[in-house]
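Just so it is clear, the values below take in all heavy atoms, side chains as well, and ignore hydrogens, waters and symmetry mates. Below, chain A is the first sequence line, B the second, and so on; all start at residue 1.
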Protein chains: 2
Amino acid sequence: MKIAIDGMGGDNAPKAVIEGVIKALEEYKGIEYYITGPKEQIEEELKNYNYDKTLVNIIDAREIISPNEHPVMALKKKKDSSIYKALKLVKDKECDAVISGGSTGAFLAGCTLVVGRIKGIERPALAPIMPGKNGSFMIVDAGANVDSKPNYLVQFAKMGKVYYQGVIGKENPSVGLVNIGAEEEKGNELTKATYKLLKEENNLNFVGNVEPRDTSKGDVNVLVCDGFVGNTLLKMYEGVASTLLSMIKDEILSGSIISKLGAGLLSPVFKSLKVKFDYKEYGGAPFLGVDGICIKAHGSSDGKAFKNAIRQTKIFYDNGVLEKIKAELKNNI
Amino acid sequence: MKIAIDGMGGDNAPKAVIEGVIKALEEYKGIEYYITGPKEQIEEELKNYNYDKTLVNIIDAREIISPNEHPVMALKKKKDSSIYKALKLVKDKECDAVISGGSTGAFLAGCTLVVGRIKGIERPALAPIMPGKNGSFMIVDAGANVDSKPNYLVQFAKMGKVYYQGVIGKENPSVGLVNIGAEEEKGNELTKATYKLLKEENNLNFVGNVEPRDTSKGDVNVLVCDGFVGNTLLKMYEGVASTLLSMIKDEILSGSIISKLGAGLLSPVFKSLKVKFDYKEYGGAPFLGVDGICIKAHGSSDGKAFKNAIRQTKIFYDNGVLEKIKAELKNNI
């Protein structure tokens, strides 16, 4: 397969991007890479490695879109940006997939404007997979759409199910509706109307409402919600975990020598926990509903995270998940 | 002052309620208590303590409203319930305040139906104070209202400001709008419209949008949002913290003897952290906008939490916060 990768996307680009590509070249076979960005800068990074040069192409792109720019304006103006050129490769069928760690707004807008929606999909949705206590869980939508309508959420559920099944490999994953109460009649207008629609869907393993406090347990595989709520879940998850861990650290540092010794002895525990909680293990978030394999890597991705985003992209492609999403939705539109 | 307290409200009632009252009798002067519930059951609990009997009255109430009942229906039917009778004491001006650890739905519905709204208030809001890394913060609304309109949120901001100022004692507290982006134009229809209104308010120390990941830092004092979002924040906060701590525990228990030794040495750190993160320190959540001092204690409150809810109620009363809320809103309705 051919993957287009935004060489300048992310806080640690292009270094981390190139590192990820090199690691992936070692681990996965049959992938050709198209890295977009200023040619000499990409070449400079690549110089540090030995790799099969026939598998890596550089697509020169002189402009960069920063996260502070207006996404749609920036995309329309900067046709020579690394992000636009990567998307264009998928649009023109020169590549099978695109990965970017750049501006989320510009990437999502670009996926819709450049790559385009699947016919019949109302709104594409960002769908990161998160580590939970008892298993991973997926949030659809995690921030691409606000003021959603009930039928958008039904489509999110269907796309999420197919993706989770195809990429995580769990047959008939459970689907829950994020709501501030367990009973059917709880919630706001959107959740009440969506609940009614979801329970009518025979092909979904719909398990009802999931309260926010239970989401991080990971007992329900696919969590469906409006993007405002999904983004809140995602950011609270990251925010509370990091606040709590930094409070533990502060307490230890301001504590006695005994506490410091204790922390030393516990360090394998914290490390193992860090791996469990590490979103980098999961690579990136697919943007479901666009007519191409589009993966948003976290802005703070390191080489390992980019490598994992590539792994995820490969599974997406190998298992024909895009076609399966189209088939699933076709029956229901 | 006179406080009505729902003797049967909460998972550990009436034991924890009575324990809280006894502790409060020892610590705070000038409070008379009216405890509602089955007379003999309350008396039985009180028997375990020595206390000034002239300060404790039992108001017999034979019915109990469970969290699973439909709030409004239950309230209308069960006029002899501990929760209804406690509210009625405030309505009839026999008490100055009411505290309940019972069904949130029934208590909030009762506050509105029995005690009544302040004239001009569109929607009363539940406003818990949470422990953050750098200070406490308040969420208004934490779940009483869904599908809010922009002007509700402006009233939440004003009530939250007066309460935070009057009870926490911070002059001109900062007020933020919970939103999934920092810039003014980010978010959904509600946040965009609310932002415009809040920045026009000269008497508010409005600091703009606060992203969910930053809420738990506690850098902004009063966080304004729709109740669906606020409830999500609150429950994610509790949920992620408890998931993370239980994961640390699991890791330690499944780890080596060295990890267990480390955990033993670190136990003062975890204890100190537990105190910092303990919502029980803050007592209960005021229901702002009703024409009385109405405090919702956490369902899992122990004696200490009820005692702290009483402390908070006393400050609310002593500092004339209810009158200040009315004055603040009068100028702006």
Side-chain angles (χ1 to χ4, degrees), chain A residues 68 70 105 132-133 143 146-147 178-181 183 187-191 211-218 226-229 231-248 250-252 255-256 258-270 272-273 276-277, chain B residues 68 105 132-133 143 146-147 178-181 183 185 187-191 211-218 226-229 231-248 250-252 255-256 258-270 272-273 276-277:
Chain A
N68 303 323
H70 188 284
K133 186 173 189 301
V146 296
D147 300 315
V178 180
N179 202 351
I180 59 169
E183 301 81 13
N188 56 17
E189 282 176 25
L190 175 66
T191 61
E211 292 187 81
R213 68 177 312 141
D214 295 326
T215 55
S216 60
K217 289 185 186 158
D226 170 60
F228 194 101
V229 172
N231 197 266
T232 300
L233 288 179
L234 182 70
K235 299 295 172 58
M236 279 299 282
Y237 195 71
E238 295 177 353
V240 175
S242 103
T243 296
L244 197 66
L245 291 174
S246 94
M247 280 169 84
I248 292 176
D250 289 356
E251 286 290 330
I252 289 170
S256 64
I258 290 178
S259 300
K260 281 170 199 151
L261 180 62
L265 297 177
L266 266 189
S267 86
V269 166
F270 285 122
S272 140
L273 201 69
K276 267 197 189 168
F277 248 86
Chain B
N68 303 324
K133 186 173 189 299
V146 296
D147 301 316
V178 180
N179 202 350
I180 58 168
E183 302 81 13
E185 68 280 4
N188 56 16
E189 282 176 23
L190 174 65
T191 60
E211 294 187 80
R213 68 177 313 142
D214 295 327
T215 55
S216 60
K217 290 183 185 158
D226 170 59
F228 195 102
V229 171
N231 198 265
T232 300
L233 287 179
L234 182 69
K235 298 297 172 56
M236 278 300 281
Y237 194 71
E238 294 177 354
V240 175
S242 103
T243 296
L244 197 66
L245 290 173
S246 93
M247 280 169 84
I248 292 176
D250 289 355
E251 287 289 329
I252 288 169
S256 64
I258 289 179
S259 299
K260 281 168 199 152
L261 180 63
L265 297 177
L266 266 189
S267 87
V269 166
F270 286 121
S272 141
L273 201 68
K276 266 198 190 166
F277 248 85

* Go through the atoms of A/Leu234 and report whether side chain, backbone, both or neither lie under 4.5 Å from a heavy atom of chain B. => neither
* Asked: Non-hydrogen atoms of chain B under 4.5 Å away: do they reach the side chain of A/Asn68, the backbone, both or neither?
  -> neither
* Closest contact, heavy atoms only, B/Ile180 versus A/Gly227 -> CD1-O, 4.3 Å
* Structure fact -> Taken to the nearest 0.5 Å, the spacing of B/Met236 CE from A/Lys235 NZ works out to 12.0 Å
* Asked: More than 12 foreign heavy atoms under 6.0 Å from CD of B/Glu185: is that the case here?
  -> yes
* Could you tell me the separation between the CD atom of A/Glu238 and the CD atom of B/Glu211, rounded to the nearest 0.5 Å? => 11.0 Å
* With only heavy atoms counted, which part of A/Thr215 is less than 4.5 Å from chain B, the side chain, the backbone, both or neither? -> side chain
* Tell me, do A/Leu190 and B/Phe228 make a side-chain contact under 4.5 Å, heavy atoms counted? -> no
* Sort out for me which of A/Gly187, A/Gly143, A/Gly105 touches chain B most, counting heavy-atom pairs under 4.5 Å. => A/Gly187
* Structure fact -> Looking only at B/Asp147, B/Asp226, B/Val229, B/Asn231, the option with the highest number of non-hydrogen pairs under 4.5 Å against chain A is B/Asp147
* Asked: Under a 4.5 Å cut-off applied to non-hydrogen side-chain atoms, are A/Thr191 and B/Val146 in contact?
  -> no
